[in-house]
Amino acid sequence: MLQAINREIELRASEIQKYTIETIYFGGGTPSVLTVDEMHSLISTLGGTVSLDQVVEVTMECNPDDLNPDYLQALLNETMVDRISIGIQSFHDPHLKMMNRAHNGAEAGQSLEQIFNAGFEKVTADLIFGLPDNDLSIWQSNLARLVEFPVSHISCYGLTIEPNTALKHVIDKGLIDMPDESAARDQFYMTQEFLASKGYEQYEISNFCLPGQYAVHNTNYWKQVPYIGIGPSAHSYNGRERRFNVANNSQYLSAINRGIDFWETELLSESDRYNEWILTGLRTKWGIDGSDAQQYSLNIREEFDDAVKKSIHAGWIEESDGALCLTKSGKVLADYVISSFFYV
Amino acid sequence: MEKIRNFCVIAHIDHGKSTLSDRLLEYTNTIAQREMKDQALDSMDLERERGITIKSHAIQMRYEHTDGEIYTFNMIDTPGHVDFSYEVSRSIAACEGALLLVDASQGIQAQTISNLYLALEHDLEIIPVLNKVDMDSAMIEEVSDEIIELLGCAQEDILLASGKTGLGIENILKEIVDKVPAPKGDPDAPLQALIFDSVFNPFRGVIAYYRIFNGSIKKGDLIRFVHTNNAYTADEVGVLQMDTIPHKQLFAGNVGYVITGIKESKEIKVGDTITHHENPSKLAVKGFEDVKPMVFAGIFPIDNDDFEDLRDSLEKLQLNDASLVFEPESSAALGFGFRCGFLGMLHLEIIQERLSREFNQEVITTVPNVSYVAYLTKDPSDGLVINTPNDLPDPSKLDRVEEPYIQAQIITKPDYIGGIMNLCLDKRGHLTKQVYLSQGRVEMTYELPLAEIVFDFYDRLKSISRGYASFDYAPLNYRASDLVRIDIRLNGEIVDALSALVHRDKAEYIGRKICKKLKELLPRQQFVIAIQASIGAKIIARETISALRKDVTAKCYGGDISRKRKLLEKQKKGKKKMRQIGNVEVPQKAFLEVLKLQD
């Protein structure tokens, strides 16, 4: 697989060279199974293709159970990785078990300790709320435990039951109760209040950080900055077009080896671009600038103006300093509000 | 005339009529193989997709018989669905013979039998054909026994065929010459021709298809339609092959078309008789009926501004579908729309689909109902026709209400008799006859209220019998019935478009089911939605839809963005098809689905 990924970088060299690379993100799965040497070789291939002088953030997603002090130390000292995203998800063992995680709560705490002991300063951790047992106090203790560490950035994800997942299956079979929406909403509100009291700013629906410690890479997704995704299932975006690599690992490998196309592309129409602007923009604290709607055609502008009026009336968005932002009640219904803006 | 053979094909849906017809057209070189789209006769896209023939068509073939003579074959295609049974009867009346086409793996179905009876009533010579005999599942002996039982024919009279492989095609053509009688009639008598179908052509107007029984018709003739009593000039006459082929004159015994410049298909009634304006025939062809719609439903634009566009579209549809009727209707919930009459539920679905496909009109179709007759106490002999629940007079003023009954024929395996009896009992049916067609097949005859079969009767019949039941019906009469109107309230407000007329004994049950169904169909909103069913002021059922408290995607990075965008776009599209009633958003399909009560 690593060979294939290196090969993809080579194949797309001319495309990559068009850009100034600002951030690198190793994610989607468990890159922490890679050895430090393997990480090093990946970054070298990239560095041989395009200048990495302007890079300000290199994040690596890690599972708590893949980490050890030596590994972390070597990662920090010998590679460009300077930011760790750790999938804590919970400190509560029954929850971790329910989500089929390999680590337990104690190991989650140890892995955070190791990360900070190794000297990483930029650390983000994620937690999941809205789990089927609906317990507010467990959620609060999760948050409290996490902020005992000097994490600069926190992602809190509400559980969504996706089709064709193990969780959906057990819920359908009646083995676990469907999470209660009101409880999930209360947990979401509590997250906002609790983290605010600890100095974290909610700069996107699911993302909180200490002053100025935004995730540069993720923030760029929401600002329509182009990106290149390498590897199976990775998505790329150049401002006009999305490209997505085949998701299946063996199909990806065989396509790369046989030199045939391993991706599909999708040209974004005007309404696609408009919809994505709404979708990504409204979720952030910066909101959307109403005057940016002027670049779209009349039909879209009418839809936009109508939705703005209705959403302000309903109390879901508010205008401040020329930007339209979700209110507290708007955030909890973000998808509902966003789709009301959509032009289809 | 002795070289003409007029015949139709009687078959159940899926028994391979279209494919077999195609083979006949190929064999007689009526159509070159390379021109052939599968199922050349089903010309509407919708027909080809649904694999059924909605409108009948006629086609002429030339066949060189073993005696070296050239014969003219007029094959008249018949619609394959119960909604269109009158049109079938007129096609049959235009023929001397019929191919009875039966799928060797499925056996005879109810509708085939009722059409066969029609053909026998008209003294048609029946040529039984066992189709799809090449399939592994073919039960040639068993199905042959059924045919023998029905027709009293001999085993060797049954032709074996396969539309797929072309097996038996030549035999069929031979038998048509040998068995189907040549038409009789006097070419010198006054013109008497039966209209069995018409089609709308956007460039040429309405084209009428007819069979001449007596006399002749030529270009330029001044002709008269007996029942509508309108006169026209025959601008063009001719015969139908893959296209219209103009002729100077057509004579008794033949099948052809006439173009008169008529712009609306309403003016041409299937079953009417064409004669000459001067020297008319004294007799019209028997059996004319003004086809009446059986099922009524409101059709409303999703957006009130589209009302005029909807009217235009319906008018255009009516140009080539005279059985569609409509008049303006207004609903407190849905605004202005049309109350439309249809031949049956399939017809209703076809119209809805054609509005969407051909006219890009998304509409709301309200709960369908049949046509009732209400008699008031002050004048109990004069009935009022009720085509919409809201027209039902106040119960205190009512003497009685009558509802239409049908006679239904159900053919099934004996194993399913019990289940079907329960279903028909539930549907207020009354068994009048039960006959074994063969050891493995039984025919049940029921009298049922039409209203009961409009909804989910067919689906339930299919599921009870695991597909081994076929069903056909014909209108019977009107009978007194204890009807009540169920009203549905959303957050207290009555939605007139959801009202339904039902039998009193079932009102509570149906009310509960409707509320449950609506709970599934209505999307959650940011407030609680109360759904209630009531009879008059009395609430008989209630459901509550809880408010939407949280609706937010957790992750929105890279690939999530386009996935989520597409998901929300889909939601928004669905929402655009919803109608705001009070403060509640009601999806387009809710109105039609609400009475599909099966779990």
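Labels below follow one simple rule: chain letters A, B, ... track the order of the sequence lines, proteins then strands, and each chain is numbered from 1.
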>> I'd like to check the ring pair (Phe, Tyr, Trp, His ring centres under 6.0 Å) partners of Tyr296(A); sequence neighbours left out, ordered by chain and number.
In response: Tyr274(A), Trp277(A)
> Going through the checks in order, is the side-chain contact (heavy atoms from CB on, under 4.5 Å) test met by Lys576(B) and Phe342(A)?
Replying inline: CA-CA 11 Å; Lys576(B) 278 179 80 174; Phe342(A) 270 22; over 6 Å; no
>> If you count every heavy atom of other residues, nucleotides or ligands that lies below 6.0 Å from Gln580(B) atom CD, does the total exceed 12?
In response: yes
> Between Lys572(B) and Glu303(A), is the closest basic N to carboxylate O distance under 4.0 Å?
Replying inline: yes
> Does the pair Arg565(B)/Glu266(A) count as a salt bridge with the N-to-O cut at 4.0 Å?
Replying inline: yes
Answer with side chain, backbone, both or neither: which region of [X] has an atom nearer than 4.5 Å to a non-hydrogen atom of chain B?
X         : value
Leu333(A) : both
Arg185(A) : both
Leu268(A) : side chain
Ile278(A) : neither
Ser236(A) : neither
Phe341(A) : backbone
Tyr189(A) : neither
Tyr227(A) : side chain

> Could you name the residues of residues 548-556 of chain B that have a heavy atom within less than 4.5 Å of a heavy atom in chain A?
Replying inline: Leu548(B), Arg549(B), Lys550(B), Asp551(B), Val552(B), Thr553(B), Ala554(B), Lys555(B), Cys556(B)
> Most heavy-atom pairs under 4.5 angstrom with chain B, which of Ser329(A), Ser339(A), Ser233(A)?
Replying inline: Ser339(A)
> Looking at Gly558(B) and Arg242(A), what are the two nearest heavy atoms and their distance?
Replying inline: O-NH1, 4.2 Å
> Given Glu181(A) and Arg524(B), is the salt bridge (Lys or Arg N to Asp or Glu O under 4.0 Å) satisfied, shown in steps?
Replying inline: CA-CA 12 Å; Glu181(A) 223 174 66; Arg524(B) 291 164 64 210; 2.4 Å; yes
> Is there side-chain contact between Glu569(B) and Asp272(A), with heavy atoms separated by less than 4.5 Å?
Replying inline: yes
> Between Ile561(B) and His235(A), is any pair of side-chain heavy atoms under 4.5 Å apart?
Replying inline: no
>> Under 3.5 Å, is there a donor on one side chain and an acceptor on the other for Tyr557(B) and Asn220(A)?
In response: no
>> To the nearest 0.5 Å, what is the distance between OG1 on Thr280(A) and CG on Asp560(B)?
In response: 12.0 Å
>> Within this structure, what is the CZ-OG distance for the pair Phe244(A) and Ser562(B), rounded to the nearest 0.5 Å?
In response: 6.5 Å
>> With a 4.5 angstrom heavy-atom cut-off, is it the side chain or the backbone of Lys570(B) that approaches chain A, or both, or neither?
In response: neither
